[in-house]
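Side chains included, hydrogens not; waters and symmetry mates left out as well; all remaining heavy atoms used.
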Amino acid sequence: MSKKYLAILTILIAIILDQVIKIYVKTHFILGEEVVVFDWFKIHFVENNGMAMGFEFGGKIGKLFLTFFRLFAVPVMIFWMFKNIKKKNHNGVIVAIALIISGAIGNILDSIFYGIIFDNSNHKVATLFSENPYGEIFQGKVVDMFYFPFIENAILPEWIPFVGGDEFTFFQYIFNPADAFISVGVALLFIYSNYAFPKEDKV
């Protein structure tokens, strides 16, 4: 398989997988509903207005800024990916960039369209292509569902400054496939950093 087709196939599969999972959760779970797969892995449906892992970012204005930043970043990443394809760079670098692009597009789709194609998930399962959508274009909420509380409700030792005696959960963040693709892509760029960011030979 050529590097170009590898990149395109990676992006298409990742975006489709991301959206299928999000739409399934949105249309089968009530907001806050949780299914325990294992003690350390749960499907827990939440929505957020901002960044990855449920972080918020400056209300509506911040959300618009973040969405348009992603819309600007995606073409830049695509240009970088095809530049690496043209240079016949390592497949690890190509896949890494493709995964980051996929993750960004996946969350962009949520932010732009989910507010106008879904109704509210509070106390009921949402309807796809609802006549009473919950929001406006560019104001959709990002759907998150993967929760890995490897250590849950542990009590931190009293001697730890500021947080001693508080409850502690690891890993407490809830994320979605798009977030995972971005994280894996960044990790691959780190692994293949010698290929992704080659040092120029000094004259």
Are more than 12 heavy atoms from other residues, nucleotides or ligands located less than 6.0 Å from atom NZ of Lys124? yes

Glu33: what forms a salt bridge (Lys or Arg N to Asp or Glu O under 4.0 Å) with it, not counting sequence neighbours? none

I'd like to check Val125 versus Ile30 (side-chain heavy atoms, cut-off strictly below 4.5 Å). Are they in contact? yes

Counting heavy atoms not belonging to Tyr24, are there more than 12 under 6.0 Å from its OH? no

Are side-chain heavy atoms of Ile117 and Pro133 found at a separation under 4.5 Å? no

Can a donor-acceptor pair be found between the side chains of Lys141 and Asn120 at a distance below 3.5 Å? no

Considering only heavy atoms from C-beta outward, does the side chain of Ile15 approach that of Phe181 to under 4.5 Å? no

At what distance, to the nearest 0.5 angstrom, does CG of Asp144 lie from CG of Asn48? 5.0 Å

Do Asn107 and Asp179 get their side chains close enough for a donor-acceptor pair, meaning under 3.5 Å? yes

Parallel, tilted or perpendicular: which one describes the rings of Trp40 and Phe148, with boundaries at 30° and 60°? parallel

Heavy atoms of Ala178 and Lys22 approach each other most closely as CB-NZ, 3.9 Å

Residue list, salt bridge (Lys or Arg N to Asp or Glu O under 4.0 Å) with Lys88, at least two apart or on another chain: none

